[in-house]
Number of protein chains: 2
Amino acid sequence: MKSEERRELVLDAATQVFGESGYQGATTDAVARAAGVSQPYVVRMFGTKEALFLAVVQRALDKLLAAFRVELAAGDDPAECLGRAYVGLLADRGLLLSLMHAFALGTHPEIGALARRGMLEVYRMIREEAGLDADQAGGFLAHGMLINTVIAMRLGEADDPLASELLATVLSPESGRLAGLDETRLSS
Amino acid sequence: MKSEERRELVLDAATQVFGESGYQGATTDAVARAAGVSQPYVVRMFGTKEALFLAVVQRALDKLLAAFRVELAAGDDPAECLGRAYVGLLADRGLLLSLMHAFALGTHPEIGALARRGMLEVYRMIREEAGLDADQAGGFLAHGMLINTVIAMRLGEADDPLASELLATVLSPESGRLAGLDETRLSS
DNA sequence: GTCTATAGGGCGATAGAC
DNA sequence: GTCTATCGCCCTATAGAC
């Protein structure tokens with residue numbers, strides 16, 4: 001299973017690169033360099049750049065849902081559990097950012113379809129498995145999208161007291177259903 | 001001032017194209033075709049594709065802030081006014097989507113800097129001019145980011161009852177501080 | 001001011017050796 | 001399975017006519 005490890009290594013690298021630069025902005029060469037392999041090998045492994053991105057997004061969705069289920073299983077308050085799960089996901093910056101880029105490409109035939117399917121599966125899980133009502137679920141997703149945005153735009157690099165206030169508010173447990181987040185996670 | 005009209009025409013077209021495909025995904029040729037001019041002319045008018053995108057984003061921010069101020073001036077409840085302002089902005093789909101793509105490129109030297117500056121200016125206005133407290137402002141931005149996301153991913157095209165529920169929840173006045181939104185705006 | 005023609009560079013993908 | 005070499009396309013930007 002050495003080849004399976006190689007594949008995971010490339011997917012990790014691709015997740016980082018796609019998260020930073022987006023689907024069209026990222027190059028297969030940048031992915032290859034980040035993974036320590038040659039550019040043609042990356043293409044050979046997945047066929048096309050598009051197939052590679054789809055694999056990255058699908059894996060990100062799988063990890064997201066898995067992280068939610070792990071926390072929900074060991075938890076009391078579902079909303080608090082989902083918040084905790086988000087903490088772990090923030091450690092892998094590329095994961096949420098790659099998803100965000102996929103969400104932004106709704107007109108792409110395959111990427112858009114996968115993005116919609118993924119978002120609905122997440123919504124279904126926090127509604128049916130976690131048991132949140134529609135308003136709670138919407139609020140949870142809304143705060144998640146804002147967190148994704150402030151991370152993507154690197155708001156922590158802005159030297160402005162209002163930026164600090166916004167970050168603190170977005171990440172504070174009281175602000176929404178996302179408990180347990182602290183600002184130190186954003187500087188990575 | 002015929003040339004000024006031409007410039008606005010190209011900026012309108014560019015806003016649509018960048019909103020659909022993102023900064024790297026969009027081509028100056030697509031912008032030119034949408035505007036009915038030649039590709040080299042688009043480049044000549046703005047110098048580079050990057051400068052064109054920056055102009056699009058700056059204009060989008062100006063329009064966003066102007067729309068907020070117009071509604072706030074004639075209004076009672078600030079939160080409700082901001083919600084109404086968002087309705088008008090949704091009519092120009094490319095505007096919010098171009099902003100979203102700019103937010104996603106925080107590592108780009110110029111685009112990232114402009115995105116952070118713009119987001120902070122919006123936050124400053126809803127805090128200081130509209131008078132929302134930090135939690136209200138964060139909630140408003142969060143719901144705005146989720147609305148941007150569901151529009152970008154074309155969730156309305158998903159044939160799923162849960163998709164309808166999510167859309168209805170996100171766009172319903174009770175769900176957040178964004179009053180007056182109706183689902184019909186999303187199909188355009 | 002606006003076009004046609006085209007240069008120049010980057011990138012995804014392929015061919016083929018090892 | 002992984003590499004080096006390279007093709008061919010697309011896209012930004014420039015040159016120059018009108």
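These figures come from a predicted structure and were not determined experimentally. Keep in mind that the numbers below use all heavy atoms, side chains included, and drop hydrogens, waters and symmetry copies.
- With salt bridges taken as basic N to acidic carboxylate O contacts below 4.0 Å, one links B/E157 and B/R154.
- In this structure, CZ of A/R6 is placed 11 Å from P of D/dG1, rounded to the nearest angstrom.
- Whole-Å rounding puts the A/L52 CG to C/dC11 P distance at 16 Å.
- As a whole-Å value, the separation of A/M45 CE from C/dA13 P is 14 Å.
- A cation-pi arrangement, defined by a distance under 6.0 Å to the six-membered ring centre and an angle within 45 degrees of its axis, is present between A/K49 and A/Y23.
- Rounding to the nearest 0.5 Å places CZ of A/F53 at 14.5 Å from OG1 of A/T28.
- Among the protein residues, A/R44 comes within range of the nucleic acid bases, having at least one heavy atom under 4.0 Å from a base atom.
- The distance between atom CD of A/E5 and atom P of D/dG1, rounded to the nearest whole Å, is 13 Å.
- Under 4.0 Å is where a charged nitrogen must lie from a carboxylate oxygen, and between A/E8 and A/R59 at least one such pair does.
- For B/K63 and B/F68, the positive end is not near the middle of the six-membered ring at less than 6.0 Å and at most 45° from its axis.
- Electrostatic pairing of A/E80 and A/R84 counts as a salt bridge here, judged by a charged N lying under 4.0 Å from a carboxylate O.
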If you restrict it to nitrogen or oxygen atoms, what contacts under 3.5 Å exist between nucleotides 9-13 of chain D and the protein, and what is each distance?
residue	atom	partner	partner atom	Å
D/dT12	OP1	B/A26	O	3.4
D/dT12	OP1	B/K49	NZ	3.0
D/dT12	OP2	B/T28	N	2.9
D/dT12	OP2	B/T28	OG1	2.8
D/dA13	OP2	B/K49	N	2.9
D/dA13	N7	B/Q39	NE2	3.1
D/dA13	N6	B/Q39	OE1	3.0

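- Comparing D/dG1, C/dG1, D/dC3 by their closest approach to the side chain of A/S3 singles out D/dG1.
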Could you go step by step and tell me if A/D12 and A/Q16 meet the side-chain hydrogen bond (donor to acceptor under 3.5 Å, both in side chains) rule?
CA-CA 7 Å; A/D12 279 339; A/Q16 291 302 117; over 6 Å; no

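- Near DNA chain D, meaning a heavy atom under 4.0 Å from it, residues 13-21 of chain B has no residue at all.
- A salt bridge is absent between B/R124 and B/E121: the closest approach of a Lys/Arg side-chain nitrogen to an acidic carboxylate oxygen does not fall below 4.0 angstrom.
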